[in-house]
> 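Mind having a look at this structure? Questions to follow.
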Amino acid sequence: MVLELHSPAVPTFTQDDRIFRDENVLQDDYTPKDLPAREDELEAYTNSLQPVVNGASPRNIFVYGETGTGKTVATNRIIDDLNRDQKNFEDVEIKFVKINCKDLTSYQAGVHLVNEFREPSNHINSTGHSRADVNNKLWTHLEEIDATHVLFVLDEIDSLSEDDDLLYQIPRANANAKVEGTKVGLIGISNNFTFRQNLSARVQSSLCEDEIHFAPYDANQLTAILKQRSEKAFSDGVLEEGVVPLTAGLVAQDTGSARNALDILYRAGTIARNENNDVVTENHVRQAMDAVENGLIKDEIRALPTQAQLVIYTVAVLNQSGQNQVTKKEIHRLYKKFCKRTGVNAKSQRTIHNKLSKLQLKGFLNVTEENKGRGGGKRYKYELGVDADLINDALQDTPRLRDLSTNSTISQFS
DNA sequence: TCTCCACAGGAACAAGCGGTAG
DNA sequence: CTACCGCTTGTTCCTGTGGAGA
């Protein structure tokens with residue numbers, strides 16, 4: 001590959017790039033000027049924020065929809081607009097504090113928020129404080145800040161799932177007299193709409209004053225988005241006629257995610273470029289679709305902790321040796337041998353059981369229940385939910401497990 | 001109909017980490 | 001230094017479960 005995927009467009013390269021005019025337009029961090037097919041949602045957003053503009057207490061907003069449906073982009077747009085327009089308002093000063101809650105606990109998210117008000121040299125650590133401490137620090141900052149309104153934007157709040165204390169505290173900060181000089185509001189963004197039902201009743205009533213739903217895009221909407229972007233991203237006449245409708249159709253059936261569709265289109269372009277092709281064809285799109293799907297799975301496998309990698313690898317080896325459905329016991333037996341060989345501490349069967357259920361939740365394993373009654377009782381049988389080659393490929397990048405995945409065969413271990 | 005297998009999965013607990021506060 | 005904090009990872013113990021077969 002000649003070009004780095006994420007390198008900015010450098011003039012010397014764009015000269016002989018026959019495919020792309022500006023590939024950045026297809027990448028994740030690009031914010032378009034127009035948001036096709038999201039006019040209603042933007043209007044709902046504007047309406048919900050109108051009280052703030054008028055100087056009143058903000059309404060708390062719950063934004064939900066699957067990934068790639070434009071929630072974050074729309075939110076950024078609204079924030080930009082409001083930041084721009086508030087210069088015209090005399091007695092209102094609005095500050096936005098935005099964090100992403102992915103992989104954070106409620107407590108850690110609180111710490112992040114406190115640090116948003118502090119210089120890097122003065123950041124507090126994410127351990128060692130009591131919960132009440134962290135909250136009090138946050139209230140103090142809010143009280144002291146030079147603004148009439150502070151709006152917290154918490155992206156991916158579904159990560160906070162079990163512990164929703166923060167989601168209760170922030171919307172109630174004014175009502176509970178924790179903060180009096182500044183009006184506090186919360187915009188919560190969630191990828192998961194069942195998340196709302198799991199919130200405790202007290203959080204539901206305060207967080208979800210206004211709700212904005214971003215539905216997955218249909219094929220027509222995706223076509224509009226892809227057309228808008230591809231005109232800027234690709235050189236004229238590079239895309240075969242059916243490419244955009246095909247991408248839109250495939251993605252609409254699958255996820256309805258604009259991010260996914262753009263990713264596939266971008267990938268199709270790079271495949272064509274690597275083949276020294278002048279046009280992007282429907283065949284490139286199909287190849288890109290496979291590559292994107294496989295790439296995502298491999299990334300997830302690489303991101304697993306070593307123990308979980310060992311477990312899924314064990315299942316892969318057993319499956320490849322012809323044992324399609326294996327019990328926890330069988331997995332644990334072989335797993336222990338792999339542990340010994342790689343110098344990893346072997347965990348108990350109960351722990352492996354937990355790992356197996358997590359892997360099942362992530363879709364890496366399929367589970368069937370078997371019940372032989374008196375002659376064997378109830379048990380689960382596991383098999384791989386993904387292609388075994390993907391697991392081997394992914395583990396090639398994990399030094400500890402690389403040797404295992406190249407050398408081991410079932411005969412050596414069973 | 002009832003028993004009983006072999007496991008699932010919840011609960012309680014422990015250890016260790018990286019930190020703050022006095 | 002000691003006490004304490006939140007969090008993660010793992011362990012042990014124990015109750016619950018569904019259906020084949022006595």
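Atoms considered below: every heavy atom in the structure, side chains included; atoms not considered: hydrogens, waters and symmetry mates. First the proteins, then the strands, lettered A, B, ... as listed; each starts at 1.
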> Roughly, in whole Å, what's the span from NZ in Lys347(A) to C1' in dA14(B)?
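Answer to the nearest Å: 14 Å.
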> Side chains of Asn76(A) and Thr31(A): do they bring a donor and an acceptor to under 3.5 Å?
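Not at all, the side chains of Asn76(A) and Thr31(A) share no donor-acceptor pair under 3.5 Å.
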> Check every strand shown and say whether Lys355(A) touches a base, only sugar-phosphate, or nothing at a heavy-atom separation below 4.0 Å.
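The answer is sugar-phosphate, as Lys355(A) gets under 4.0 Å only of primed atoms, P, OP1 or OP2.
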> Verify the distance criterion only: is there a donor paired with an acceptor across the side chains of Tyr107(A) and Ser126(A) at less than 3.5 Å?
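No, no side-chain donor-acceptor pair sits under 3.5 Å.
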> Give the rounded distance in Å between these two atoms: CZ of Arg131(A) and C1' of dG19(B).
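In whole Å, dG19(B) C1' and Arg131(A) CZ are 16 Å from each other.
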> With a cut-off of 6.0 Å (strictly less than), are more than 12 heavy atoms of other residues, nucleotides or ligands near NZ of Lys98(A)?
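Counting neighbours around NZ of Lys98(A), more than 12 heavy atoms of other residues, nucleotides or ligands fall under 6.0 Å, so yes.
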> Distances for protein N/O vs nucleotides 20-22 of chain B N/O pairs under 3.5 angstrom?
| from | atom 1 | to | atom 2 | distance (Å) |
| --- | --- | --- | --- | --- |
| dT20(B) | O4' | Gly128(A) | O | 3.4 |

> With heavy atoms under 4.0 Å as the rule, sort Ser126(A) into base, sugar-phosphate or nothing.
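Ser126(A): no heavy atom of the nucleic acid under 4.0 Å.
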> Would you say the side chain of Arg229(A) lies within less than 4.5 Å of the side chain of Tyr30(A), judging by non-hydrogen atoms?
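Side chain of Tyr30(A) against side chain of Arg229(A), heavy atoms only: contact under 4.5 Å found.
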> Does anyone know the first and last nucleotide of DNA chain C in reach of chain A, 5' to 3', at under 4.0 angstrom to a heavy atom?
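Terminal contacting nucleotides, 5' to 3': dC5(C) to dA22(C).
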> Rounding to 10 degrees, work out the angle separating the end axes of the helix from dT1(B)-dA22(C) to dG22(B)-dC1(C) (five pairs an end).
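Comparing the axis at each end, I get an angle of 30°.
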> Do Gln169(A) and Trp139(A) come within less than 4.5 Å of each other through their side chains, counting heavy atoms only?
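The answer is yes; the side chains approach within 4.5 Å.
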> Is the distance from the ring center of Tyr64(A) to that of Phe214(A) below 6.0 Å?
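Ring centres of Phe214(A) and Tyr64(A) not closer than 6.0 Å.
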> Not counting sequence neighbours, which residues clear salt bridge (Lys or Arg N to Asp or Glu O under 4.0 Å) with Asp81(A)? List them please.
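Expected list: Arg77(A), Arg84(A).
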> Might you confirm whether atom NE2 of His129(A) has over 12 heavy atoms from other residues, nucleotides or ligands at distances under 6.0 Å?
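For His129(A), atom NE2 is crowded (more than 12 foreign heavy atoms under 6.0 Å).
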> Name the nucleic acid region contacted by Ser130(A), choosing base, sugar-phosphate or nothing; use a 4.0 angstrom heavy-atom cut-off, strictly under.
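Here Ser130(A) touches the backbone only, sparing every base.
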> Ignoring hydrogens and geometry, is there a side-chain-to-backbone donor-acceptor pair from Arg379(A) to Lys328(A) under 3.5 Å?
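Side chain of Arg379(A) to backbone of Lys328(A): no pair is present.
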> Going by atom types only, do Asp155(A) and Thr72(A) share a side-chain donor-acceptor pair under 3.5 Å?
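Present: a donor and an acceptor within the cut-off.
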> Quick check: are there more than 12 heavy atoms from other residues, nucleotides or ligands sitting under 6.0 Å from CG of Asp146(A)?
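Not buried by this count: 12 neighbours or fewer within 6.0 Å.
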> Which nucleotides of nucleotides 1-7 of chain B have their base under 4.0 Å from a protein heavy atom (B), which only their sugar-phosphate (S), and which neither (-), written as one string 5' to 3'?
--BBBBS
> Could you check whether Asn366(A) and Glu383(A), counting side-chain N and O atoms only, form a donor-acceptor pair closer than 3.5 Å?
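Looking only at side-chain atoms, Asn366(A) and Glu383(A) do not form any donor-acceptor pair under 3.5 Å.
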> Under a 3.5 Å threshold, yes or no: a donor from one side chain and an acceptor from the other, between Arg131(A) and Asn135(A)?
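Not at all, the side chains of Arg131(A) and Asn135(A) share no donor-acceptor pair under 3.5 Å.
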> Ignoring hydrogens and geometry beyond distance, is a side-chain donor-acceptor pair present between Tyr335(A) and Gln307(A) at under 3.5 Å?
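Distance-only check passes for Tyr335(A) and Gln307(A).
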> Any chance NZ of Lys298(A) has more than 12 other-residue heavy atoms, nucleotides or ligands included, within less than 6.0 Å?
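Enclosed: over 12 neighbouring heavy atoms sit under 6.0 Å from NZ of Lys298(A).
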> Which atom pairs link the protein and nucleotides 10-13 of chain B when you take only N or O atoms and keep those under 3.5 Å?
| from | atom 1 | to | atom 2 | distance (Å) |
| --- | --- | --- | --- | --- |
| dG10(B) | N7 | Arg350(A) | NH2 | 2.8 |
| dG10(B) | O6 | Arg350(A) | NE | 2.9 |

